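Since the structure comes first, as structure tokens, the remarks are kept for the end.
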Number of protein chains: 2
Amino acid sequence: MVYFGDMKEKSPFELEDFMPYLLNQAAEKTSLEFQKYYRLKYGMLRTEWRVLFHLGRYGALTAKAICDRAGLHKTKVSRAVAALETRRFIQRNRMEQDRRQEVLTLTRAGENAFDDLVAEAARYNTRLMQNFSAEDAETVRRILLQITAMETVQP
Amino acid sequence: MVYFGDMKEKSPFELEDFMPYLLNQAAEKTSLEFQKYYRLKYGMLRTEWRVLFHLGRYGALTAKAICDRAGLHKTKVSRAVAALETRRFIQRNRMEQDRRQEVLTLTRAGENAFDDLVAEAARYNTRLMQNFSAEDAETVRRILLQITAMETVQP
DNA sequence: GGGTATTAGTTGTGTTTGTAACTATCAATG
DNA sequence: CATTGATAGTTACAAACACAACTAATACCC
């Protein structure tokens, strides 16, 4: 019988068993790939694309509403809104009943960009997921949503 | 019969159907949560933790080898190595047969940090994944690896 | 062996992010 | 109404990142 005394028994822990790592690798890959649509074609950053998406998908919103829905910090949204306005993708209108808030709406150019990018997103998603069975896709979707919605994984 | 002419039929596309979005949300959540272990306790950044991990898990490596294995850019690794050396977690030794390269090894402090962080990583992972069945966990793992390894999702 | 190309690693620069502090407006309470 | 506190959004500053240019050492090859 062979003696395995020299083997490191303690750490069979591989990076590929570590979910944050796996998630990051996959997220980074797909994000970088999809970037080229909104970045090259419209000069947007990821946050800008997400803000645009929320406005296109859910109609006029305030910055705060976008923060809440999208889980983005207000400074990120503020900068994205400023950039999108500069490029004439959105329009701001102060509310009269509460002049702290402003309602954001897509311009015609913004709607066009939205339509285009949503179509690209759907196509990208289809191409990405066609490699997997419908059951597997649904399992992944469900678990990712669940992880995202989990309250803190307690120490 | 009601006329639905005004409905936007074209875009039943939700963010929650968009895999890059789902991946990013889950990745960001878990990364931020796990950050506190290496960040608060050892003052490391994510790249530093990953460099430390590779050295602890796979033994002495050059910076280039870490780049290749971890899929990190050399400038990131260079700065992580500098930071880890400053905090005395690693040691550098120029190779005699090729004086461009330097072999990186963990110091005692580096090994201690590695052992601690790997244990925390394993515990975090267990707590995260205990909410799912073994089959689901395996499905997710497999698909995330597959996505990461995919060549470009062609336009 | 001398010029050219590669390779390992570093540094510099502009861009993006995170955090905190700030302004302006509104709400609540005395 | 005046003061205090909360809220929507912006700005300022430092940390982090990406990408290109750089240094130093080695390989190639005529």
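The analysis underlying the following values was restricted to heavy atoms, covering all of them including side chains, and did not include hydrogens, waters or symmetry mates. Proteins come first, then strands; the chains are lettered A, B, ... in the order of their sequence lines, and each starts at number 1. This one's a predicted model, so the numbers in the text were calculated from it and none came from an experiment.
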Here the distance between atom C1' of D:dC17 and atom CD of B:E48, to the nearest Å, is 13 Å
| query | How would you label the contact of A:R94 with the nucleic acid (heavy atoms, under 4.0 Å): base, sugar-phosphate, or nothing? | reply | nothing
- Is B:R57 close enough and on-axis enough to B:F114, meaning under 6.0 Å and within 45°, for cation-pi? no
message = Are B:Y37 and B:W49, when compared by the centres of their aromatic rings, separated by less than 6.0 Å?
response = no
Take atom CZ in A:R142; do more than 12 heavy atoms of anything else shown fall under 6.0 Å from it?
yes
Separation between CG (A:L61) and CG (A:D68), nearest 0.5 Å, reads 10.5 Å
note: A:N24, atom CG; D:dC17, atom P; distance rounded to Å ~ 12 Å
A:F89 and A:A113 have their tightest heavy-atom pair at CE2-CB, 4.1 Å
Identify whether NZ of Lys or CZ of Arg in A:R50 sits under 6.0 Å from the centre of the six-membered ring of B:Y21 and within 45° of that ring's axis.
no
**Message:** So, OP1 or OP2 of D:dA16: does either fall under 4.0 Å of a side-chain N or O from B:R39?
**Reply:** yes
A:L45 CG to C:dT16 P, in whole Å, measures 5 Å
Whichever of B:T47 and A:V103 has the more 5' nearest nucleotide on DNA chain D, that residue is A:V103
Rounded to whole Å, CD of A:Q97 lies from P of C:dA24 at a distance of 21 Å
Which of B:L84, B:D116, B:N112, B:L52 passes side chain to side chain contact (heavy atoms under 4.5 Å, CB included) with B:Y42? Answer is B:D116
A:R99 atom CZ is separated from C:dT23 atom P, nearest whole Å, by 18 Å
note: A:Q101, atom CD; C:dC26, atom C1'; distance rounded to Å ~ 10 Å
Check nucleotides 4-6 of chain C for protein N or O atoms closer than 3.5 Å to its own N or O atoms and list the pairs.
none

Here the distance between atom P of D:dA8 and atom CD of A:E96, to the nearest Å, is 18 Å
*asked:* Need one value for B:R92: base, sugar-phosphate or nothing, where a base atom within 4.0 Å counts as base even if backbone is also close, heavy atoms only.
replied: sugar-phosphate
Atom CG of B:D98 and atom C1' of D:dA27 are separated, to the nearest Å, by 10 Å
Value for CG (A:N131) from CD (B:Q146), rounded to nearest 0.5 Å, stands at 6.5 Å
Are A:K29 and A:E33 close enough for a salt bridge, meaning some N to O gap below 4.0 Å?
yes
In numerical order, the residues of residues 62-79 of chain B whose heavy atoms come under 4.0 Å of DNA chain D are B:T75, B:K76, B:R79
